[in-house]
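What follows is a set of notes on a single structure, which appears directly below.
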Amino acid sequence: MSDLFLADLDKKFIWHPFTQMKGWAEEKPIIIKEGKGCFLKDTNGRWYLDAVSSLWVNIHGHRKKEIDDAIIAQLGSIAHSTLLGLSNEPAIKYAEKLIHLINKSFYGLKPNLSKVFYSDNGSTAVEVALKMAFQYWIHKGEKKKTSFLSLNNAYHGDTLGAVSVGGIEIFHDTFRPLLFKTFKAPAPFCYRCELKKERAACSFACLGEIEKIFKAYADEISAFIVEPLVQAAGGMLVWPEGYLKGVRELCDRYKVMLIADEVATGFGRTGKMFACEHESVAPDIICLSKGITNGYMPLAVTIATDEIYNAFLGEYSELKTFFHGHSYTGNPLACAAAIACLDIFEKENTVAELQPKIKLLEERLSEISELSCVGNVRNKGMISGIELVKDKKSKEPYPWEDKMGWKVADNARDKGVLMRPLGNVIVVMPPLSISVDNLNYLMDTTKKSIISVMA
Ligand SMILES: *Cc1c(COP(=O)(O)O)cnc(C)c1O
């Protein structure tokens, strides 16, 4: 089909996510036809560098032979059967593999994550975590622990439970009347500290705020849900070192569970397999999705401890069952892709190979930070954000209506790089497998695009 014809059909039949369709109707959309490594090809035959890993899901690159083969091989057996009342081989094998990896990553730390609950995307993984934490306390006889604590600028997905623990006004405020009430704490984002402190002298005042909430309300709070180390959709807000450890200690002291939403940070993104490893913190529940199948198939897991799992055990008649599940839970094709994805981590030493590229990224970012319109650059591993500001000294942001981030992205697109900004924050988050040359090309283009938009 010709490109023009496809674009017309798209506009006629598709409603795109997070997209003002009035604007879309006036644009000439890029229609992707093919991928290879960290590049995408459109229907006109033009190649682009995939600078945001197809929305943060791709790790080892597109058309990765081992994963292609794993899915094809699984198709020869079965594409899907349910985990409700049945089991399947890829789901079993992947759960075992993943728990081994988790045990290795969190060696010697408590709590012990041990049971895998499957679903299909990050939002559902979060819903599962919230419902598990809530119901756990009911089984423990703590019937008042019905609420949650979450952070300002948090993003945990778009389903209503996930939105309830979210904190991005522009996305979430419309739905406020539909949401359950939660406690909110300031985000530990030092460049724009909500408490107006300087990191050098703040003694973690933001942890102090959490302690205040726990002191007054811990008997009402089942869990504190966080995106460890990087609040991604909130603008790639990178936490100061020590904050997560402080959170774990407070959760322990006040008997509140810690849910780590590692949907964006998991699978090597931050330079370790899981972000929590950076601070030797083990959560009570971890949510994983995005990178899990290398962006091939929708899959997510919520992993809980034996302590949580055991609280749900009882006679059938006691109704302690976890009444939750999805049609595609434990999908064999997706699990086959996930197994192959983990195998590549081992075979290619992905995390070790990543370290020099992270160093390069940091050098290139610090170069970009010198531009007059760049207020702050931040990264953790292969996740990075470049915040554009109207006034570097006062940190005055560009009005969001100016779409500065999009202007840079549109410019980069003309230069052959596909990006998706978060407001005024340029996101650089390529597949972990990106080559040094391509990473340099990506950073050159990013810098040039920022400069040409500002000129
Ligand atoms: C993307 C994301 C989600 C939601 O995942 P979906 O698969 O889009 O539902 C949840 N939490 C975090 C931290 C995310 O980045």
Side-chain angles (χ1 to χ4, degrees), residues 16-19 52-59 117-133 148 150-168 170-172 175 179 182 187-189 223-239 244 247 258-270 274-276 278 283 285-303 324 326-329 331 334 337-338 341 378-385 420-423 425 427-429:
H16 287 263
F18 277 98
T19 305
V52 291
S53 301
S54 295
L55 243 300
W56 319 349
V57 296
N58 198 289
I59 301 278
F117 193 99
Y118 282 107
S119 62
D120 358 85
N121 60 69
S123 306
T124 55
V126 166
E127 298 290 337
V128 168
L130 297 176
K131 287 172 79 176
M132 262 179 192
F148 297 90
S150 59
L151 293 175
N152 292 338
N153 271 309
Y155 179 82
H156 297 290
D158 291 329
T159 51
L160 289 173
V163 172
S164 294
V165 291
I168 303 180
I170 210 164
F171 297 168
H172 299 153
F175 302 106
L179 309 179
T182 61
F189 176 40
F224 183 11
I225 180 163
V226 298
E227 296 158 85
L229 268 57
V230 188
Q231 291 181 241
M236 301 302 165
L237 315 183
V238 177
W239 291 359
L244 178 62
V247 163
L258 179 60
I259 302 173
D261 174 358
E262 292 226 27
V263 168
T265 54
F267 298 107
R269 268 284 152 204
T270 64
F274 304 105
C276 285
H278 287 278
I285 299 177
I286 193 167
C287 305
L288 301 168
S289 184
K290 292 202 168 96
I292 194 166
T293 62
N294 196 41
Y296 269 57
M297 309 275 300
L299 184 72
V301 296
T302 306
I303 310 179
H324 189 107
H326 297 278
S327 309
Y328 285 96
T329 190
N331 176 259
C341 180
R378 41 191 184 257
N379 84 296
K380 192 76 204 174
M382 212 42 124
I383 303 182
S384 61
R420 189 176 172 91
L422 293 161
V425 179
V427 174
V428 178
M429 195 163 166

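For ligands, and for the atoms within them, numbers begin at 1 and follow the listed sequence.
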Discussion item. Any nitrogen or oxygen of W56, side chain or backbone, less than 3.5 Å from one on ligand 1?
Written reply: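 The answer is no, given that W56 and ligand 1 share no N or O pair closer than 3.5 Å.
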Practice prompt. Decide if the gap between the ring center of F171 and the ring center of F18 is smaller than 6.0 angstrom.
Written response: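 Yes.
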Check: [Y] main-chain N/O paired with [X] side-chain donor or acceptor under 3.5 Å:
X	Y	result
S289	V263	no
R269	I383	no
E227	Y155	yes
T329	H326	no
E262	A275	yes

Which of the numbered atoms in ligand 1 are below 4.0 angstrom from a heavy atom of [X]?
X	answer
G157	4 (C), 10 (C)
N121	7 (O), 9 (O)
G122	4 (C), 5 (O), 6 (P), 7 (O), 9 (O)
A264	15 (O)
D261	10 (C), 11 (N), 12 (C), 13 (C)
H156	10 (C), 11 (N)
S123	4 (C), 5 (O), 6 (P), 9 (O)

Worksheet entry | Within residues 290-302 or reaching into it, pairs that qualify as side-chain hydrogen bond (donor to acceptor under 3.5 Å, both in side chains) - sequence neighbours excluded |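 The answer is D68-Y296.
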Worksheet item: Any idea which protein heavy atom is nearest atom 2 (C) of ligand 1, and the distance to it?
Response: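 Looking at atom 2 (C) of ligand 1, the protein heavy atom closest to it is K290 NZ, 2.6 Å.
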